[in-house]
Amino acid sequence: MKSLILPAVTAATLGLSFQPALADEAGEAAMAARHGEMSLMAHALGILGGMAKGQVEYEKIKAEAAAETLYVVSSIDQHLLWPEGSEAGALDGSRAKAEIWTNMDDFTAKWNSLHTATEAMKTAAGESQQAIGAAMGAVGGACSACHKAYRTPAS
Amino acid sequence: MERILRVLVVLALVGAAAFWYLTRPIGLDGESVAAIDALTPDVAHGETMFWAGGCASCHAAPGATGDDMLVLSGGDSLASPFGTFYAPNISQDPTHGIGDWSVIDLANALTHGIGPDGTHFYPAFPYTSYVHLERQDIVDLNAFLKTLPADSTPSKAHDVPFPFTIRRGIGLWDRLFLTPDWVMTGDLSPELERGRYLVEGAGHCGECHTPRNAIGGLDRNRWLAGAANPSGEGTVPGLTPDKLDWSAQDIAYYLETGFTPDFDSAGGHMANVVSNMAHLPPEDRAAIAAYIKALPASGS
């Protein structure tokens, strides 16, 4: 009997001590995936923005590929990427405000409005440098609307 | 003993009279009133001033977007070391808003920080920046505000502890910190002058980007050098060349779209500023950028 208790207690103790670590790992993996989404979009926006600013010459193929990236990334279902406990303060490197989890509907609506803006960008990207410039405002507005409500300031 | 008491009473009365005199509301003089009354408003330009001044950022309901930005029912909160201030209703409602204000009332509020009854406003309302506004721009802004809807939401009382509840005291503060003098001086190009007007005046950038002293006055020696966020959450970045290395084009583009040179995007209160600045003509955003690029290093 005694020989059974010890391993059981040990297992329970280990289990307890592993539990938070596992949650952290899952949270960190989700956060890394979120940051990956943002990096992909920043890269694509850099290509479109460079053209919009006139720093880079307009190239239809590149512009369309960049706009497609924005469109596809913003179509990713977000619900796997925001596990509870992955907010700023709980997780190093996270700037996600806790309000995300209390306003998930609004948060999702803001993500979807980004997708709408990228649809317009897809059209613009096939047209001209000027059209891209005009479409950047709505994309930027969608980014800012969510960052304003749900991202903590950079420290 | 009675004599000492009598002297003390007299001294107290003299002190009170001096306080009353020094803190009295000072409004526009007769000449300014006549000059303003003689101007003809341009409503369309008034809308540009509305966005340049960032009125909606604080006076629209928190979280408002699109046309709701034009419903100035108030309610946004500004936390500070002196308490929390709530932006009042400045819609056209005659009771809860400013529907019964004259253009002179608006001018006194914007440039002297006082209400129609002589009440001092708290400097959470950036009249120390709006003091630079041109008379014509105030007249135009007034005409535009008159076109906006009335809303009967009552203004929320400020959450401010004693002694800051004594508004007369702000009269003393104004004597120290309310000045029509520009920070950037010298022989400026027309573009820089326009940029200075938008940054130091209407856009009131210094209110957040310049550090404040112990009694809440802006430290003009560290103009736009970055500051603690009065809400306690993070910091407001510096715009001086030792703090910000963006090109003029980067700055103008950020004000138009919210995108940084790395294509991160504006968040926090700055997201509001960008959505205001996006309404300005491109030359104005370029003028702001030129002004920022002309700032000296802060040395701190």
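Just so it is clear, the structure is predicted and the values come from calculations on it, not from any experiment. Numbered from 1 within each chain, the chains take letters A, B, ... in sequence-line order.
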Q: Please find out if less than 6.0 Å separates the ring center of B:F259 from that of B:Y254.
A: no

Q) So, are B:D284 and B:R194 salt-bridged, with charged N and O less than 4.0 Å apart? A) yes

Q: Sort by residue number and list every member of residues 38-59 of chain A having a non-hydrogen atom under 4.5 Å from chain B.
A: A:A42, A:L45, A:G46, A:G49, A:G50, A:A52, A:K53, A:Q55

**Q.** Side-chain ion pair, B:D245 and B:K293, N-O less than 4.0 Å
**A.** no

Q. Once the angle between the rings of B:Y127 and B:F125 is folded into 0 to 90°, is it parallel (under 30°), tilted (30 to 60°) or perpendicular (over 60°)?
A. tilted

Q) chain A heavy atoms under 4.5 Å from B:A278: which part of the residue, side chain, backbone, both or neither? A) neither

Q: If a pair satisfies salt bridge (Lys or Arg N to Asp or Glu O under 4.0 Å) and one of its residues is in residues 65-78 of chain B, list it, with sequence neighbours excluded.
A: none

Q | Non-neighbouring partners of B:T84 that pass side-chain contact (heavy atoms from CB on, under 4.5 Å), sequence neighbours left out | A | B:S77, B:A79, B:Y86, B:D159

Q: Let me know if B:D250 has heavy atoms under 4.5 Å from chain A in its side chain, its backbone, both or neither.
A: both

Q: Between chain A and each of B:G268, B:P237, B:G258, count heavy-atom pairs under 4.5 Å; write down the option with the most.
A: B:G268

With a cut-off of 3.5 Å and sequence neighbours excluded, list every side-chain donor-acceptor pair involving residues 73-85 of chain A.
{"from": "A:S74", "atom 1": "OG", "to": "A:L70", "atom 2": "O", "distance (Å)": "2.8"}
{"from": "A:S74", "atom 1": "OG", "to": "A:Y71", "atom 2": "O", "distance (Å)": "3.1"}
{"from": "A:S74", "atom 1": "OG", "to": "A:H115", "atom 2": "ND1", "distance (Å)": "2.9"}
{"from": "A:S74", "atom 1": "OG", "to": "A:T118", "atom 2": "OG1", "distance (Å)": "3.3"}
{"from": "A:S75", "atom 1": "OG", "to": "A:V72", "atom 2": "O", "distance (Å)": "2.6"}
{"from": "A:D77", "atom 1": "OD1", "to": "A:H79", "atom 2": "N", "distance (Å)": "2.9"}
{"from": "A:D77", "atom 1": "OD1", "to": "A:H79", "atom 2": "ND1", "distance (Å)": "2.9"}
{"from": "A:D77", "atom 1": "OD2", "to": "A:H79", "atom 2": "ND1", "distance (Å)": "3.4"}
{"from": "A:Q78", "atom 1": "OE1", "to": "A:W82", "atom 2": "NE1", "distance (Å)": "3.0"}
{"from": "A:Q78", "atom 1": "NE2", "to": "A:E37", "atom 2": "OE2", "distance (Å)": "2.7"}
{"from": "A:Q78", "atom 1": "NE2", "to": "A:I76", "atom 2": "O", "distance (Å)": "3.1"}

